[in-house]
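Notes follow the structure.
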2 protein chains.
Amino acid sequence: MPSLAEEGAERQLDRLFHALSDRTRRQLMARLALGEAKVTELAAPFDMSLPAVSKHIVVLEKAGLLRRRVEGRVHYCSLSPEALEDASDWIAFYQQFWKRRLDSLAQWLAKEDPKGEGAE
Amino acid sequence: MPSLAEEGAERQLDRLFHALSDRTRRQLMARLALGEAKVTELAAPFDMSLPAVSKHIVVLEKAGLLRRRVEGRVHYCSLSPEALEDASDWIAFYQQFWKRRLDSLAQWLAKEDPKGEGAE
DNA sequence: ACAATATTAAACTGAAAGGTTAAATTTTAG
DNA sequence: CTAAAATTTAACCTTTCAGTTTAATATTGT
């Protein structure tokens with residue numbers, strides 16, 4: 001039933017949410033929000049080996065959240081938060097659904113129980 | 001440096017994003033958006049054992065995305081998407097950052113290069 | 001009391017995640 | 001040319017994850 005395009009969208013959401021599910025990677029994004037940085041700079045604050053950070057960077061990159069500009073032997077990383085839109089849209093759907101439900105509830109309460117009497 | 005409260009917030013984000021990073025769990029949420037359902041009903045569409053689905057439900061529950069109402073031997077599950085707000089807020093920060101950057105870029109372009117001449 | 005139903009718990013498996021250290025690669029500087 | 005610097009690759013380890021199957025635990029209907 002899932003089309004090929006949906007299939008890809010699902011895998012993208014997998015990658016995206018998985019990328020965001022790790023604290024170290026979220027901290028990397030926080031650092032990058034301040035501006036471009038070399039891999040070594042990114043790794044410095046972490047109590048973790050450079051290859052470990054390098055792998056996290058790759059995860060963010062594959063999720064489309066990080067761009068890399070290679071200049072000689074140094075790799076400059078920067079945030080690419082457009083990718084967040086997919087995650088954001090997915091979440092928004094459920095929030096909107098929830099909001100609608102609350103709205104209906106409010107309407108129902110206003111109609112059926114205008115004085116807020118019968119509480120649970 | 002991270003306070004105890006932040007520590008907890010981080011773990012909550014871990015749980016939240018991790019819960020969302022699995023396709024089966026997202027499909028469960030999609031089903032639940034349509035309304036409350038028993039565990040067996042939730043499991044039915046999946047080509048997967050009942051215990052497997054049961055575990056997914058627990059993951060969503062621990063992330064705060066799903067509520068369970070036990071009535072005798074049947075467990076009724078429903079969506080609890082308020083929990084999404086934490087994820088949503090986190091994402092919104094980076095999107096806002098991105099938007100600000102685009103705004104500044106637009107301003108800069110409007111100021112420095114009003115005719116859009118110097119391209120790279 | 002009994003059998004069927006709804007669900008979780010336990011024990012196991014294979015694969016993926018996140019870390020390590022040591023080597024390979026590429027580029028720059030002297 | 002050679003040494004140092006910036007990164008990734010490779011090989012490995014341990015833990016977590018997602019799934020399985022088989023049992024255990026309620027609860028309900030007869």
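Just the heavy atoms: all of them, side chains too, but no hydrogens, waters or symmetry mates, feed the values below. Convention: sequence-line order gives letters A, B, ...; per-chain numbering from 1.
A search for salt bridge (charged side-chain N to carboxylate O under 4.0 Å, His left out) contacts involving A:Glu10 returns B:Arg26, not counting sequence neighbours. In terms of the ring pair (Phe, Tyr, Trp, His ring centres under 6.0 Å) criterion, residue partners of B:Trp90 (sequence neighbours excluded) are, by chain and number, B:Phe17, B:Tyr94.
Computed from coordinates, the B:Asp14 CG to D:dT15 P distance equals 19 Å when rounded to whole Å. Rounded to an integer number of Å, the gap from B:Glu61 CD to C:dT8 C1' is 12 Å. For the pair B:Tyr76 OH and C:dT8 C1', the computed distance is 17 Å after rounding to whole Å. If you measure from atom CZ of A:Arg26 to atom C1' of C:dG18, you get 15 Å, rounded to the nearest angstrom. Per the geometry, CD1 belonging to A:Ile57 stands 12 Å off C1' belonging to D:dA6, to the nearest Å. The separation between B:Arg69 atom CZ and C:dA6 atom P is 16 Å, rounded to whole Å. Between B:Leu42 atom CG and C:dT8 atom C1' the separation is 15 Å, expressed in whole Å. Put simply, CZ on B:Phe46 is 12 Å from P on D:dT20, counting in whole angstrom units.
Ionic pairing of A:Glu7 and B:Arg23 is present here: one or more N-O contacts between side-chain nitrogen and carboxylate oxygen are shorter than 4.0 angstrom. Using a 4.0 Å cut-off between a side-chain N of Lys or Arg and a carboxylate O of Asp or Glu, A:Arg68 and A:Glu61 qualify as a salt bridge.
Among residues at least two apart or in separate chains, salt bridge (Lys or Arg N to Asp or Glu O under 4.0 Å) pairs with a member in residues 27-36 of chain B are B:Glu36-B:Arg69. Pairs passing the side chain to side chain donor-acceptor pair (under 3.5 Å) check and including a residue from residues 47-57 of chain A, sequence neighbours excluded, read A:Arg25-A:His56.
If you take CG on A:Leu32 and CG on A:Leu65, they are separated by 10.0 Å, rounding to the nearest 0.5 Å. For the atom pair CD of A:Gln96 and CG of A:Asp89, the computed distance is 11.0 Å after rounding to the nearest 0.5 Å.
Of all heavy-atom pairs between A:Leu16 and A:Ala83, the closest is CD2-O, 3.2 Å.
OP1 and OP2 of C:dA6 both lie 4.0 Å or more from every side-chain N or O belonging to B:His75. Using a 4.0 Å cut-off, no side-chain N or O of A:Arg23 falls inside it from OP1 or OP2 of C:dA17.
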Quiz item: Nucleotide by nucleotide, 5' to 3', does protein get under 4.0 Å of the base (B), only the sugar-phosphate (S), or neither (-) in nucleotides 19-30 of chain C, counting heavy atoms?
Solution: BBBB----BB--

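DNA chain C lies under 4.0 Å from no heavy atom of any residue of residues 28-37 of chain B.
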